[in-house]
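Presented below is the structure to which this report refers.
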Amino acid sequence: MDRESDVARATFFGLHALQHRGQESAGIAASNGRRIKVHADNGLVTQVFREEDLKVLTGHIAIGHNRYSTKGATRKYNVQPYLINGPGIEFAFGHNGNVINAGELRREMQEWGVTFRTSSDSEVIAHLFANAPGQTWGERAAYCMRRLKGAYSLVIMTNNELVGIRDPLGIRPLCIGRVNNGYVLASESCALDNLGATFERELDPGETVVITEDGVQSDIWSGTDRSTHSMCVFEHIYIARPDSTLAGKLAHRARQAMGRELAKMHPAEGDLVIGVPDSGISHAVGYSEESGIPYGEGLVKNRYVQRTFIQPDQAMRNLGVRLKFNPLRDVIEGKRIVVVDDSIVRGTTTPRIVEMLRKAGATEVHVRISAPPITSTCHFGVDMSTLDQLIAANNSIDEIRELIDADTLGFLDVDHLMRAVGVQDDSYCRGCFTGRYPIPVQLEMSKMELEEPMGVEGD
Ligand code: AMP
């Protein structure tokens, strides 16, 4: 960066663009070459940072993090970036993903005398890096990649280095771009666009990039196996913003293609196709194109109510759906509506949408879902960790249709989904739809696995 004080502000804008990836907490760490300062708290990016907070985060390198928890409670001690002091090393650390052998690694490191302050898997990864043998980040990453099982896209910052790491399976995204005289790393390319940065490329699975004043150095861990590359297909379906490019493809385009496949698989007799905003819109556009049924806006979303699924408990989610959507009565009334959404997870959103459409005068409601039924848990960074939460793990499609009170219901299947993404091989994790994962997992995982033994008190 050119001007010292801009680096935290740029990170703030980057986090703001990535708010959809996590809404529980936000934080930034900045280094001025001598010391690292961190500001982080529970809440949205705009709630956590005021002008004066950004002003003190001066320096030439910064990293930021938005939290969406898959392990550990929504408590202040879990907010990232963490500041880690290891033997002869200090760094700030941010993690996206979920590591399934964190419990075991934590116990091992506790025996070495490492103290843990949080209940998240992220801190386990951070301490593994702090205690890893090796002089360079590539060497440390090689050790950690051998030991860690699961998903981790990481940003790490020392006083004079910015490091980006993507796990050997490549489950969560991470990309690199250029801005002014510097570099920027981000989970999604939409953050680079907001900063006026140019997108260079996505990191490869197993890659470590180290950015210093001398430029970028890249290393791919020698144990990375191309045949196990397993990016999460749910990133394409739902998680990423539609204006982000993932695996070389604009998410909006992949979703449009899913909508088209869905229309081929499950045609409907309808007068109007609508999408559930925002994430169902691209899918609905594709469905309309393929089916020839006109597309229109039928639901208005209050943009200030954030993603309901991301709210960590069910009562909040129920309330969230009601506050979030309102139907356009004049558009809906007297019509057979085909409503397209990207996915049904717990079954909180869809029945409420159907009810709203019927109350607004829809004569029929046909629900089309642009993902296969989610019948298995996710172990790699999406918060669907127990089978009893998942409506499709416990009900047949016809039972779901009854529960949501739709006239008809159709889901995409895995083959059509992969056709839409443009891949026929195994290079994606689709475990939530198939129960087959890129590495062996336990049937369920406990989100609070690392909470109890810690003895962390208060917030
Ligand atoms: P549910 O209401 O639990 O069935 O969740 C499905 C709704 O939440 C859909 O409208 C999706 O757009 C959205 N959704 C799906 N997956 C996720 C996720 N991992 N995080 C947040 N929202 C999601």
Side-chain angles (χ1 to χ4, degrees), residues 18-24 66-70 74 96-98 151 171-173 187 232-242 251-252 255 258-259 262 274-284 298-299 301-302 305-325 339-357 367-395 397 399-401 403-406 409 411-412 417 429-433 447:
L18 295 174
Q19 185 76 81
H20 61 286
R21 295 190 71 86
Q23 302 170 337
E24 290 168 43
N66 289 328
R67 182 158 192 253
Y68 160 64
S69 61
T70 47
T74 309
N96 175 213
N98 192 67
I171 296 179
R172 297 285 146 221
S187 289
C232 164
V233 76
F234 211 62
E235 291 275 352
H236 282 288
I237 297 169
Y238 168 80
I239 298 176
R241 254 171 57 162
H252 169 72
R255 289 169 194 179
M258 288 171 207
L262 183 60
I274 65 169
V276 179
D278 294 315
S279 49
I281 301 291
S282 307
H283 302 272
L299 291 163
K301 181 179 167 189
N302 180 336
V305 179
Q306 304 296 325
R307 284 185 171 190
T308 46
F309 187 100
I310 282 179
Q311 301 291 347
D313 72 63
Q314 193 59 33
M316 293 289 286
R317 283 188 200 107
N318 290 347
L319 178 67
V321 179
R322 253 185 293 133
L323 299 175
K324 200 154 131 182
F325 301 108
V339 58
V340 182
D341 203 357
D342 56 274
S343 56
I344 298 182
V345 184
R346 294 170 167 90
T348 312
T349 309
T350 325
R352 290 172 175 84
I353 297 279
V354 175
E355 188 189 351
M356 260 175 216
L357 294 172
V367 175
R368 295 293 178 271
I369 301 296
S370 225
I374 298 174
T375 47
S376 299
T377 51
C378 176
H379 302 256
F380 302 117
V382 183
D383 188 11
M384 22 202 213
S385 57
T386 59
L387 285 171
D388 61 346
Q389 303 172 317
L390 303 174
I391 192 169
N394 301 293
N395 297 278
I397 292 181
E399 284 164 348
I400 301 175
R401 187 197 59 71
L403 286 168
I404 65 174
D405 190 30
L409 168 66
F411 287 88
L412 201 61
L417 168 66
C429 178
R430 55 199 89 160
C432 54
F433 308 127
K447 184 172 176 181

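The figures here come from the full heavy-atom set of this structure, side chains too, leaving out hydrogens, waters and symmetry mates. Just so you know, ligand 1 is whichever comes first in the structure, and atom 1 is the first atom listed for that ligand. Just so you know, residue 1 is the first one in the sequence shown, and it goes up from there.
Side-chain atoms of E235 never come within 3.5 Å of backbone atoms of Y238 as a donor-acceptor pair (strictly under, hydrogens ignored). In this structure, the side chain of N394 engages the main chain of L387 through a donor-acceptor pair within 3.5 Å. Not one N or O on the side chain of R255 forms a donor-acceptor pair closer than 3.5 Å with the backbone of H283. Not one N or O on the side chain of D342 forms a donor-acceptor pair closer than 3.5 Å with the backbone of I237. Between the side chain of R21 and the main chain of I239, no donor-acceptor pair closer than 3.5 Å is present.
Of all atoms in ligand 1, numbered sequentially from 1 with element shown, those under 4.0 Å from a heavy atom of Y68 are 19 (N). Counting the atoms of ligand 1 from 1 in the order shown, those under 4.0 Å from a heavy atom of F234 are 16 (N), 19 (N). Annotation for ligand 1: atoms under 4.0 Å from non-hydrogen atoms of I344 are 4 (O). In summary, the atoms of ligand 1 found under 4.0 Å from a heavy atom of T348, numbered by their order in the structure, are 1 (P), 2 (O), 3 (O), 4 (O). Near D342, the atoms of ligand 1 lying under 4.0 angstrom from a non-hydrogen atom of the residue are 11 (C), 12 (O), 15 (C). Within the listing of ligand 1, atoms 1 (P), 3 (O), 4 (O) sit less than 4.0 angstrom from a heavy atom of R346. Within ligand 1, counting atoms from 1 as listed, the ones closer than 4.0 Å to a heavy atom of V382 are 19 (N). Shown in contact with S279 at under 4.0 Å from a heavy atom are these atoms of ligand 1, numbered in order with element: 12 (O).
Between the CD atom of E24 and the CG atom of N66 there is a distance of 10.5 Å, given to the nearest 0.5 Å.
Residue T350 has no nitrogen or oxygen atom sitting less than 3.5 Å from a nitrogen or oxygen atom of ligand 1, judged on distance alone.
Residue R172 comes nearest to C378 through the heavy atom pair NH2-SG, 4.5 Å, listed as atom of the first residue, atom of the second, then distance. Contact between L390 and T377 at its shortest, heavy atoms only, is CD1-N, 4.0 Å.
For D341, the closest heavy-atom approach to ligand 1 falls below 4.0 Å.
Both the backbone and the side chain of S343 come within contact range of ligand 1, each with a heavy atom under 4.0 Å.
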